[in-house]
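Remember, predicted model here, so these are calculated numbers, not experimental data.
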Amino acid sequence: MKRILFLALLAAFSLMFSSALAAQDKKFEITGASYYSTGMFQSNVIGEVSLGYDVTKAVSLSLNGMTGNLYSSDKTWGASFEVSAKPKIGERFFMIPSLEVGALGGMLNDTHYNIRAFAGIGVEARFMLYDSFFCGFESKFMSAGAGLETFLFGLKLGVKF
């Protein structure tokens, strides 16, 4: 009887451990996005790369880097920290609201800035194409002070690992 109880306990522990590992398998994500800017950025096309981490199933954190005017002598750049909620709408569909804070620099509204702090709010519609590959549409509003606001609209592609 003790052996059966020991084996059952060992099997339950190994199942719990393996399911905990499976849940942790896809906590990181890398995304790339291309946005169209309606405001402060000198270039209308902005690229962004993000590295994210799912703290829980519903909350994630990410570090973002963006740039524009890559072939110009006066580039536009930015970096931010973002907090997102991930409510699941359908089997593979998510609506993801987010808040971000960061720094911008370069050519903004035809003026060169070394560094400006900004805050932003956004929402992403994400569709999981496969288990670890997704695409989405994102819209953001960013503000770095009076006269330095913009709406960004863009497409995102990413991989979870």
Side-chain angles (χ1 to χ4, degrees), residues 22-161:
Q24 292 176 0
D25 280 348
K26 298 203 171 37
K27 285 196 169 263
F28 290 95
E29 67 182 44
I30 294 177
T31 60
S34 179
Y35 296 107
Y36 178 79
S37 171
T38 63
M40 69 178 150
F41 291 110
Q42 186 74 13
S43 170
N44 287 340
V45 178
I46 303 295
E48 180 181 73
V49 175
S50 300
L51 177 62
Y53 177 74
D54 291 343
V55 178
T56 66
K57 284 186 178 184
V59 177
S60 67
L61 305 173
S62 65
L63 293 173
N64 310 325
M66 66 178 65
T67 188
N69 294 337
L70 285 177
Y71 300 109
S72 171
S73 61
D74 236 344
K75 295 171 182 47
T76 303
W77 59 270
S80 65
F81 175 75
E82 185 175 42
V83 177
S84 305
K86 290 189 177 181
K88 194 172 190 178
I89 304 298
E91 182 63 29
R92 294 179 161 193
F93 185 68
F94 296 84
M95 287 299 283
I96 304 171
S98 62
L99 296 170
E100 67 181 316
V101 294
L104 295 170
M107 288 301 285
L108 305 171
N109 277 356
D110 296 327
T111 306
H112 180 77
Y113 291 93
N114 288 333
I115 191 165
R116 293 285 300 210
F118 80 92
I121 185 169
V123 66
E124 176 188 353
R126 179 181 289 185
F127 183 75
M128 297 299 293
L129 295 172
Y130 297 104
D131 201 22
S132 60
F133 183 68
F134 60 88
C135 66
F137 174 79
E138 186 170 23
S139 176
K140 291 183 183 186
F141 174 74
M142 297 168 57
S143 177
L148 293 175
E149 297 95 15
T150 191
F151 281 100
L152 297 176
F153 303 96
L155 298 175
K156 256 185 164 173
L157 292 173
V159 177
K160 292 187 80 60
F161 59 96

Ignoring hydrogens and geometry beyond distance, is a side-chain donor-acceptor pair present between Ser62 and Ser50 at under 3.5 Å? no
Output, in order, the C-alpha distance, side-chain angles, deciding distance and verdict of salt bridge (charged side-chain N to carboxylate O under 4.0 Å, His left out) for Glu29 and Lys156. CA-CA 12 Å; Glu29 67 182 44; Lys156 256 185 164 173; 6.0 Å; no
Minimum side-chain heavy-atom gap Met128-Lys88 below 4.5 Å: no
Between Val101 and Ser80, is any pair of side-chain heavy atoms under 4.5 Å apart? no
Tell me whether the rings of Phe28 and Tyr53 are parallel (<30°), tilted (30 to 60°) or perpendicular (>60°). tilted
Strictly under 6.0 Å, is that where the ring centroids of Phe93 and Phe127 end up? no
Salt bridge (charged side-chain N to carboxylate O under 4.0 Å, His left out) assessment of Lys26 paired with Asp131: CA-CA 9 Å; Lys26 298 203 171 37; Asp131 201 22; 3.6 Å; yes
Beyond-backbone contact of Met107 with Lys75, side-chain heavy atoms, under 4.5 angstrom: no
I want to check something: taking the side chain as every heavy atom from C-beta on, are Trp77 and Leu104 in contact at a cut-off of under 4.5 Å? no
Would you call the rings of Phe153 and Phe137 parallel, tilted or perpendicular if under 30° counts as parallel and over 60° as perpendicular? parallel
Given the rule in the salt bridge (charged side-chain N to carboxylate O under 4.0 Å, His left out) test, do Lys140 and Glu124 qualify, once you have shown the distances and angles that lead to the verdict? CA-CA 9 Å; Lys140 291 183 183 186; Glu124 176 188 353; over 6 Å; no
Evaluate the side-chain proximity of Ser34 to Leu155: yes if any heavy-atom separation is below 4.5 Å, no if none is. no
